[in-house]
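Working notes, beginning with the structure itself.
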Amino acid sequence: MQKKLFFLILLCVNSALFAQLDRSNRPKGGVAPVINIKESDVFTLPNGVTVILSENHKLPKVSFYLEIGSNSILEGPKTGLGELAGELMLSGTEKRTKDQLDQEIDYIGASLSTDANSISLQCLTKHMNKGLDLMSDVLLHANFPESEFNRVKKRKESDILSAKSQPTSMASKAEARANFPNNHPYGEIATEETIKNITRDDVMQYFKFLFTPKGSYLVVVGDITKEQVTKLFDQYFGTWQGGDKLTMNHGDGFFHDGNRVIFVNKPNAVQSVITVAFPMHIRAGSKDQLALNVLNGIFGGGGFGARLTQNLREDKAYTYGCYSKASVTDEGSYYSISGNFRNEISDSAIAQILFELDRIKTDLVTEEELTTIKASLAGNFARSLENPLTIARFALNIIKYNLPKDYYQTYLKRLDAITREELLTIAKTYLTATNANIIVVGNENILDKLKRFDSDGAIEKLDALGQVVVERKKATISKDELIEKYLTKATGTENLKKALKKIAKVKSVTRTIEVSAPQIPMPLTMKMYFEAPNKEAFTLEIQNNVVQKSVFNGKSGYELNMQTGKSEYKAEEVEAKKKTVGLFEEANLKANNLKYELIGIETVDGVDAYLLSYTDGLKTTMSYYDVVNFKKIKSTETEGEREETFTYGNFETIEGIDFPKTMAISMDGLTLDGKVLSIEVNKAIDAKIFE
C-alpha cells in the first residue's frame, strides 16, 4: 500500500511539473563539455616503430596491433597480390607449419590475424610472451609454403567466380572503377587472370618490401606497462629491420564532367542494385571531415530519420533501404549512395536520389535534423570512449593525420558549433547531383530508361569485375545451326539426325563427382542420375549421409533438404521439367516448342562463345558454346532471385559421348569445385533412386 501511495504522489508531482512546461519552446542546450581523455603514451623504438600505448589494468588481457606505414601500391597485372600475401602470412614459418601455428594460437586462447598491411594479436596477459613469440615468428620468418600458396590462390579464383553472380559485389567493383579508373589502388580489381599471374616469389617480395619497421605503428592496449612493452618488443622484434616506408600520392580519383551512367548486365534480374557515387577532394584529417559526417547523417547515413530513407522508403515505398556513406581516407575519398530497387521504378529511384542531392546543396537543413544528428553522434562518441582501444586509435589518428593534440578532447565542442549554414557550404563543396557516376546492376530491359540520366546519352558498360565490356558480336550462324553443331560435336556424328539417334541409344548415365570448397572442411560427393526418356535425380552427400536431394521421375518430383525438409514439385514445375529433362537439354528445345534465342558472341573467360538463351517457363538458361569447337563451356540458370552458374572443362569421350570431367558450381556466393570420379553409361540404375 505504501508503494502504491508513493507512486501516486510521484505521478501527481510529475503531472504538475509537466503542466508548467511550455513545450512550444525547445529547451536551450548547455555548453558542450571538453572531454577529459587520458592521453596515450607515445614513443619511438630504435628501429623506427612508433608505439602508442593505452594502459588498462581492469582486465588481464592485452592487444597488439601493428600497422605498416607505407601507402598502397599499384599491383597492375598482378592485382590481388597484397590481399593474397596478407592471408598467406599465417600459412607457416621457418619453424612452424600452418597447423602448428593454429594449434599454438588455440592452446593459449589467443587471436592472431594478418592482412595486406597489418598484424594483430589479442591474448590474456599471462600468455603475452607466447603470443608475441608467435606474432614475431610470423612477421620475421613467414615462408609462404608452396602448397598453401596454391591452395589460397585457387580459393581466390573461386571467390572471383562467385563474385561474378553477386549484384552487390558487381556494383562495388563498378563503383571502384568509376571513381578511381586510372593508376589508383582503389580502382584495381582482381580477376582470374591477375590472380593467375601472381607467383610465390611475388608474394615474398611484396612482404619483404612493404613490411618494414620505419614509419610503422604499434598500438598496444590493455594490462601492460611501458617498461614491459619496451622490453618485450626488443626481445621479440629487436632484429626486425627494413628500408624506408613507401610514400606515394595516387591522386583523388576521376572527376567526370556531367553525370555518367555505368551499366552492369545481370540477365533476368527482377531488381536493380543502384549506386550513385563520386570522388571527393578531401583526405583524412581535414577540418571539414566532422561537418561532412554530420551532413551525411542527415542525408542518408543516419538511419530511418535520414532524408534518403524518408523519401525512398517511407514516402515512395521504392525500397527497404537506401543509404549513403562518406568514405574519407588518407589515399583517396568518395561519396556513395546505394539501394536495391524493382526494375520498373529504377529510373524513378535514380531521379529521387539526384533530387535529394540537389536539395541538400540548395536549402538549409532544418534545425530539427541538425539537433537530432548531433545528439546521435555525441551519443556514439560517448559510448566509444568505453573501449580502451578507442583511446589508442585516437592517438594513432592524431599522429597519422597530423591532427591537433586536443582534437578528440574538443570533439563535442566542435560538433556543437556546426551550423546549418556550414553544412550548406560543405554540401556545395563536396556533393554533386550533376557530376556523378550512376551505376546500375540489373536487367538490360531497363537500359532505355537510364539514357536520360547520362549527360552524353551514351551508357558505359562494365562486366561483373569492373572491366569494360567488349560489345557483343553478331552470330554468323542461326540458333538451330548452333544446336546442331553442338550436338554433333558432342556425339561425334555428322548431322543432327545421327546425333539424335546416338543420344537415343543412351538409356542411363550415372556420374559421381567429388566437390569441395574452402568453406567446407571435407569434400562432398555429388551423384547425378539420368534415365531415358526423362528421369533425373541428384544427391549431395557428406560421408554417405544425404544432405540434399532432388528427384524427377517423369511425372512428379520433389526436392529434399536436411534443413528445410521435403518439398513436392508444383504443377508448373513438373511441366517445366517435362520440357527440358534429357541427356542434352538442347535436343528438346525445338521439339517441345520452347522459346530459345541466339543472342550473339561474347567473350567468356578469354574465350569467344555463342550465347544461347532459353526458358522452360520458370527457369531461364544462358549457355555459352566455344565458337571454335562448339563445346558448352558455361551455363547460368536463373529462377527469380536464385541463380546458379556451371563452368565446364576437361572433356572426355565415354561411349562416344563427350562429358566434362571438371565443373565449378557457383550459387549464393559459394563456389564448389567438382572433379568427376566416374561416369557410367547404360548401366542399370536402382529404381529406388527415383522414388
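Formation of a donor-acceptor pair under 3.5 Å by the R414 side chain with backbone atoms of Y407 is found in this model. Using modelled atom types, no side-chain atom of R313 and backbone atom of T319 make a donor-acceptor pair closer than 3.5 Å. Remark: side-chain polar atoms of S286 are not paired, donor with acceptor, to backbone N or O of I282 under 3.5 angstrom. Remark: the backbone N or O of A269 is paired with a side-chain donor or acceptor of N343 at under 3.5 angstrom. At distances below 3.5 Å, at least one donor-acceptor pair connects side-chain atoms of T114 with backbone N or O atoms of G86. Between the S346 side chain and the R342 main chain, a donor and an acceptor come within less than 3.5 Å of each other.
In summary, the side chains of S216 and E67 do not present any donor paired with an acceptor at a separation below 3.5 Å, with no hydrogens or angles considered. With hydrogens and angles left out, the side-chain atoms of S118 and D115 include a donor and acceptor closer than 3.5 Å. Inspection of the N311 and Y318 side chains reveals no N or O donor paired with an N or O acceptor under 3.5 Å. Counted by atom type alone, S324 and Y335 present one or more donor-acceptor pairs between their side chains at under 3.5 Å. Side-chain contact check for N397 and Y408: at least one donor-acceptor pair (N or O, by modelled atom type) lies under 3.5 Å. Side chains of S165 and T645: no donor on one and acceptor on the other come within 3.5 Å.
Nearest heavy atom pair, residue T419 against residue L370, reads C-CD2, 4.1 Å. Nearest heavy-atom pair across V219 and A392 is CG1-CB, 3.4 Å. Taking each heavy atom of L53 and F43 in turn, the nearest pair found is CB-CE2, 4.4 Å. The two atoms that bring D463 and V469 nearest to each other are N-CG2, 3.4 Å, heavy atoms only. When every heavy atom of I52 is checked against every heavy atom of L396, the shortest pair comes out as CD1-CA, 3.4 Å. Summarising the geometry of S162 relative to Q166, their closest heavy-atom pair is O-CG, 3.5 Å, with the distance given to 0.1 Å.
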Check your understanding: Can K374 and T371 be said to form a side-chain contact (heavy atoms from CB on, under 4.5 Å), step by step?
Key -> CA-CA 5 Å; K374 282 183 178 180; T371 301; 5.9 Å; no

Practice item. Would you check, one step at a time, whether the test side-chain contact (heavy atoms from CB on, under 4.5 Å) holds for E460 with R260? Key: CA-CA 8 Å; E460 301 170 48; R260 58 199 284 236; 2.9 Å; yes

Check your understanding: Hey, mind stepping through K156 and E87 against salt bridge (Lys or Arg N to Asp or Glu O under 4.0 Å) and telling me if it holds?
Key -> CA-CA 11 Å; K156 291 295 182 187; E87 183 169 347; 3.1 Å; yes

Exercise for review: Please test R359 against E356 for salt bridge (Lys or Arg N to Asp or Glu O under 4.0 Å), starting from the C-alpha separation and ending with a verdict.
Suggested key: CA-CA 5 Å; R359 182 164 77 100; E356 291 294 352; 3.0 Å; yes

**Study point:** Verdict with reasoning, E444 to N265, per side-chain contact (heavy atoms from CB on, under 4.5 Å)
**Key:** CA-CA 6 Å; E444 284 184 320; N265 187 27; 3.1 Å; yes

Check your understanding: Stepwise, does the side-chain contact (heavy atoms from CB on, under 4.5 Å) test hold for V365 with F299?
Key -> CA-CA 9 Å; V365 302; F299 184 73; over 6 Å; no

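Atom NZ of K428 and atom OG1 of T362 lie 7.5 Å apart (nearest 0.5 Å). In this structure, CG on L74 lies 5.0 Å from NE2 on H250, to the nearest 0.5 angstrom. Rounded to the nearest 0.5 angstrom, F394 CZ and T390 OG1 are separated by 5.5 Å.
Annotation: side chain of I391 is in contact with side chain of L385 (closest heavy-atom distance under 4.5 Å). Side-chain contact check for N435 versus F278: every heavy-atom pair is 4.5 Å or farther apart. Two residues are said to be in side-chain contact when any heavy atoms from C-beta on lie closer than 4.5 Å; M170 and V273 fail this criterion. For the pair F211/L139, a side-chain contact is recorded, criterion being any heavy-atom separation below 4.5 Å from C-beta on. No side-chain heavy atom of R420 sits less than 4.5 Å from a side-chain heavy atom of E369. At a threshold of 4.5 Å between non-hydrogen side-chain atoms, the residues I337 and T275 do not count as touching. Side-chain contact check for I68 versus K245: every heavy-atom pair is 4.5 Å or farther apart. Within the 4.5 Å cutoff, no side-chain heavy atoms of Y411 are placed close to those of K413.
Between N259 and the options L354, D456, D454, N437, a side chain to side chain contact (heavy atoms under 4.5 Å, CB included) holds for only L354.
By the neighbour-count criterion of 12 heavy atoms within 6.0 Å, atom CD of Q289 is densely surrounded, having more than that number from other residues, nucleotides or ligands. Heavy-atom neighbours of Y401 OH from other residues, nucleotides or ligands within 6.0 Å: above the threshold of 12.
Taking a cutoff of 4.0 Å between a charged side-chain nitrogen and a carboxylate oxygen, E75 and K78 do not qualify as a salt bridge.
Remark: Y186 engages F180, H184 in a ring-ring contact (aromatic ring centres under 6.0 Å, His included) (not counting sequence neighbours).
Between H281 and Y430, the ring centre distance reaches or exceeds 6.0 Å.
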